[in-house]
**Q** 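My questions will all concern the structure given below.
The shown structure was predicted, so the numbers you read here are calculated from the model rather than taken from an experiment. The analysis underlying the following values was restricted to heavy atoms, covering all of them including side chains, and did not include hydrogens, waters or symmetry mates. Protein chains get the first letters and strands the later ones, always in sequence-line order, with residue 1 at the start of each.
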Amino acid sequence: MLKLLRKDLILSGRVIGWTYAFWSLLWLGGPAMSGSGHMPFGVWGGGVSVACAFLPIVMILREDKFRAGALACSLPVKRDSLVMSRYLGGWIVALAAVAVAILAMLALSLFGVRPLLPPTPMLPVTVVTVIGIALATMMPVAIRYGSTGVMGLLVALQILGVVVLMASALFDIHLVQGIESAVKAVVRGGMQLRAAIGPVAFAAVLVAAVLGLNCASFSLSSLLYRRREF
Amino acid sequence: MTDQAIRVRGLRKQYRGFTLKDVDLDVPRGYVTGLIGPNGAGKTTLIKLVMNLVRRDAGTISVLGLDNLADEVAVKSRIGFIYDEPPFYHDVSLRDQARAIAPFYPGWSDARFRELAAQFGLPLGKRFKALSHGTKMKFALAVALSHGADLLIMDEPTAGLDLEFRRELLDHLTATLQDAGKSVLFSTHITSDLERVADYVTYIRDGAIVFTLPKDELRDRWGVVRADRPSVDRLPAAIVRGRRERAHGVEALVADVAAAREVLGTGAVIDRATFDEVMVFMNRGGEHAEAA
């Protein structure tokens, strides 16, 4: 497993580094310049987590771009190990990237720049949850269908959004409000669960759910990757 | 230890419009086997099936005595594999690509890689995309030869290369085989490459293996009969591999020159068949052409 992680680091590390450096300008510079100081740290951290979850996807897309999947599959490793390395590497890269971003944002406060509200103890759980959901969703399509799959997923989500908006407007049905209500209900349910079992147990349940989701995603990705032909 | 580097039985792979048809193939250990056939005959599919890069529909593949699926890791650690279009990262230097690949192979030798890189004149600090096609193939060959592989599998390794480098690459193959027990399977369109290095020739057409023969047998026993139609019609069907109508008569590819001469007499015009002629006759339909 270490050999696979090392391989990806050597072959894609530099590009990931440059991509991350560019994005850092946006997520550090943007709030610093607006300087309102009213954005919750957790909301900012969630946004950064979504972006950082794309970094490991970039590694997979690079392999797809150079048709190097055939190289990986001709190495003496099992395909399941290749998939496992994608998930492990993905989590390591995304978590490390978010951690550095958060530390950088906190460091700004040393220079008197405080564009966000102070972080809460739930920040790590928010980061893990967002990264976990993003990776679990994107990994199977990226691993099986490469850039076509990821683009297809993103376009499909966009089209779904447009269809929902159009259907709401044309047929006077309250789809958007319905979705909003559903999201609020989930959040409310989470808050109630948190109040009932306490914040520590709630965090543990959330992290366990995210890990479970990633295990299911890994099983699906393995199944799909075993069928992939080069 | 088996006598075959690769043993294929009943291998089947179906695509829309193409089927690899229950292929049986033996690639002898310690020899160079050339896989030839027209475009779309199934050469690349067969090689990819051996490497488990595509899924088979039926059949078994044994590589160096091991099942290529059950013992995939062990099998691949003993294979050096070269694609017609090497699948390396274009924006990464050769040195870094080799550094990323090396740990996967227990038999990898940095000294050997550096020696080959120097011999091939590889600019290790340059990015892959900056190289010519020939240099890319040299790099792929250097990587494949640096981990002491027992079996080299190459898919059209000489396609698109100039004559000088083709010769250089083939000379390396020959040198590699000086180590006893090393085996090579390579597909090619270029018959002169086969004549230069192959010990065995396997001909594939329309997804089926037509023949596997020692090169010497092909060279010594196969011939082209040039005669009128009644004479060619007298040849035993068992030895005629193909025929074509010419302005001055009929040409027939025969698999046994001596038998043909026995039928036609010493005055008949029978030339040794070149590899090019074998390819031309076989590509036109081979045995089926007899009915035409």
Side-chain angles (χ1 to χ4, degrees), chain A residues 1-19 21-22 56-86 88-89 93 143-147 221-230, chain B residues 13 15 44-45 47-57 63 66 68-108 127-129 136 140 143-144 147 149 153-155:
Chain A
M1 189 55 60
L2 281 176
K3 288 183 277 191
L4 286 167
L5 296 175
R6 182 177 177 273
K7 174 182 84 73
D8 285 339
L9 186 66
I10 292 172
L11 297 176
S12 294
R14 198 163 42 87
V15 171
I16 296 295
W18 281 113
T19 308
F22 176 70
I57 303 297
V58 169
M59 288 201 283
I60 299 172
L61 299 192
R62 273 172 55 73
E63 187 177 272
D64 193 52
K65 176 184 170 187
F66 300 128
R67 300 182 182 192
L71 173 69
C73 286
S74 65
L75 293 172
V77 284
K78 290 267 185 197
R79 288 201 182 193
D80 285 357
S81 305
L82 284 166
V83 175
M84 177 60 85
S85 78
R86 300 280 184 245
L88 267 180
V93 167
I143 284 172
R144 175 62 180 87
Y145 302 106
S147 48
S221 295
S222 293
L223 188 74
L224 292 171
Y225 200 56
R226 269 180 246 138
R227 302 180 67 85
R228 185 164 182 182
E229 301 194 332
F230 294 96
Chain B
K13 174 70 184 175
Y15 291 111
T44 297
T45 300
I47 283 176
K48 284 184 173 179
L49 283 162
V50 172
M51 289 302 294
N52 193 27
L53 293 174
V54 297
R55 283 159 28 104
R56 62 196 178 206
D57 296 328
V63 180
L66 302 168
N68 83 321
L69 296 187
D71 305 303
E72 186 174 11
V73 174
V75 164
K76 287 184 176 172
S77 67
R78 295 173 66 186
I79 295 178
F81 186 38
I82 297 178
Y83 296 79
D84 54 345
E85 289 291 336
F88 293 105
Y89 284 68
H90 293 196
D91 57 355
V92 178
S93 72
L94 303 191
R95 182 179 290 108
D96 281 346
Q97 312 234 28
R99 202 158 59 86
I101 293 167
F104 290 94
Y105 294 99
W108 180 274
R127 294 177 183 188
F128 189 73
K129 68 179 172 190
K136 286 175 181 172
V143 169
H147 61 87
I153 298 179
M154 304 187 288
D155 187 16

**Q** Counting only non-hydrogen atoms closer than 4.5 Å, does B:Glu85 touch chain A with its backbone (N, CA, C, O), its side chain (CB onward), both, or neither?
**A**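 Neither part; nothing is under 4.5 Å.
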**Q** Using modelled atom types and a 3.5 Å cut-off, is there a donor and acceptor pairing between side-chain atoms of B:Lys48 and backbone atoms of A:Phe230?
**A**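 Yes, B:Lys48 side chain to A:Phe230 backbone: donor-acceptor pair under 3.5 Å.
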**Q** For the atom pair CD1 (B:Ile101) and CD1 (A:Ile10), what is the distance rounded to the nearest 0.5 Å?
**A**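 Answer rounded to 0.5 Å: 9.5 Å.
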**Q** Is chain B contacted by the side chain of A:Arg14, its backbone, both, or neither, given a heavy-atom distance below 4.5 Å?
**A**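 Looking at A:Arg14, just its side chain touches chain B.
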**Q** Write down the atom of B:Pro103, the atom of A:Lys3, and the distance for their closest heavy-atom approach.
**A**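 In terms of heavy atoms, the two residues are closest at O-CD, 3.1 Å.
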**Q** Does any N or O in the side chain of B:Lys76 come within less than 3.5 Å of the main-chain N or O of A:Cys73, such that one atom is a donor and the other an acceptor?
**A**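 Checked: pair present.
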**Q** What's the separation between atom NZ in A:Lys7 and atom CD in B:Gln97, rounded to the nearest 0.5 Å?
**A**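 One gets 10.0 Å once the value is rounded to the nearest 0.5 Å.
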**Q** Step by step, would you call A:Lys65 with B:Tyr89 a side-chain contact (heavy atoms from CB on, under 4.5 Å)?
**A** CA-CA 9 Å; A:Lys65 176 184 170 187; B:Tyr89 284 68; over 6 Å; no
**Q** Name the region of A:Arg67, side chain, backbone, both or neither, that has any atom closer than 4.5 Å to a heavy atom of chain B.
**A**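 Contact with chain B involves the backbone of A:Arg67 alone.
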**Q** So which part of B:Leu69 gets closer than 4.5 Å to some heavy atom of chain A, the side chain, the backbone, both or neither?
**A**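 Interface part for B:Leu69: backbone (N, CA, C, O).
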**Q** With only heavy atoms counted, which part of B:Tyr83 is less than 4.5 Å from chain A, the side chain, the backbone, both or neither?
**A**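 Just its side chain gets close to chain A.
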**Q** Using a cut-off of under 4.5 Å on heavy-atom pairs, state which of A:Arg228, A:Arg227, A:Glu63, A:Arg226 scores highest against chain B.
**A**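 Most heavy-atom pairs under 4.5 Å with chain B: A:Arg227.
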**Q** Where do B:Asp91 and A:Val15 come nearest, in terms of heavy atoms and distance?
**A**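 Heavy atoms only, the tightest pair is OD2-CG2, 3.8 Å.
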**Q** What part of A:Ser81 gets within 4.5 angstrom of chain B, counting heavy atoms only: side chain, backbone, both, or neither?
**A**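 Neither part.
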**Q** Identify which of B:Glu72, B:Met51, B:His90 forms the greatest number of heavy-atom pairs closer than 4.5 Å to chain A.
**A**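 Most pairs with chain A among the choices: B:His90.
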**Q** Do the side chain of A:Glu229 and the main chain of B:Arg55 share a donor and acceptor less than 3.5 angstrom apart?
**A**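 Answer holds: yes.
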**Q** Looking at every non-hydrogen atom in both residues, tell me the closest pair between B:Ser77 and A:Pro76 and how far apart they are.
**A**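 Closest heavy-atom pair between B:Ser77 and A:Pro76: N-CB, 3.5 Å.
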**Q** Between B:Phe81 and chain A, with a heavy-atom cut-off of 4.5 Å, which part of the residue counts as in contact: side chain, backbone, both or neither?
**A**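 When you check distances to chain A, only side chain atoms of B:Phe81 fall under 4.5 Å.
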**Q** By a 4.5 Å heavy-atom criterion (distance strictly below it), what part of A:Leu4 contacts chain B: side chain, backbone, both, or neither?
**A**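 For A:Leu4, heavy atoms of backbone and side chain both lie under 4.5 Å from chain B.
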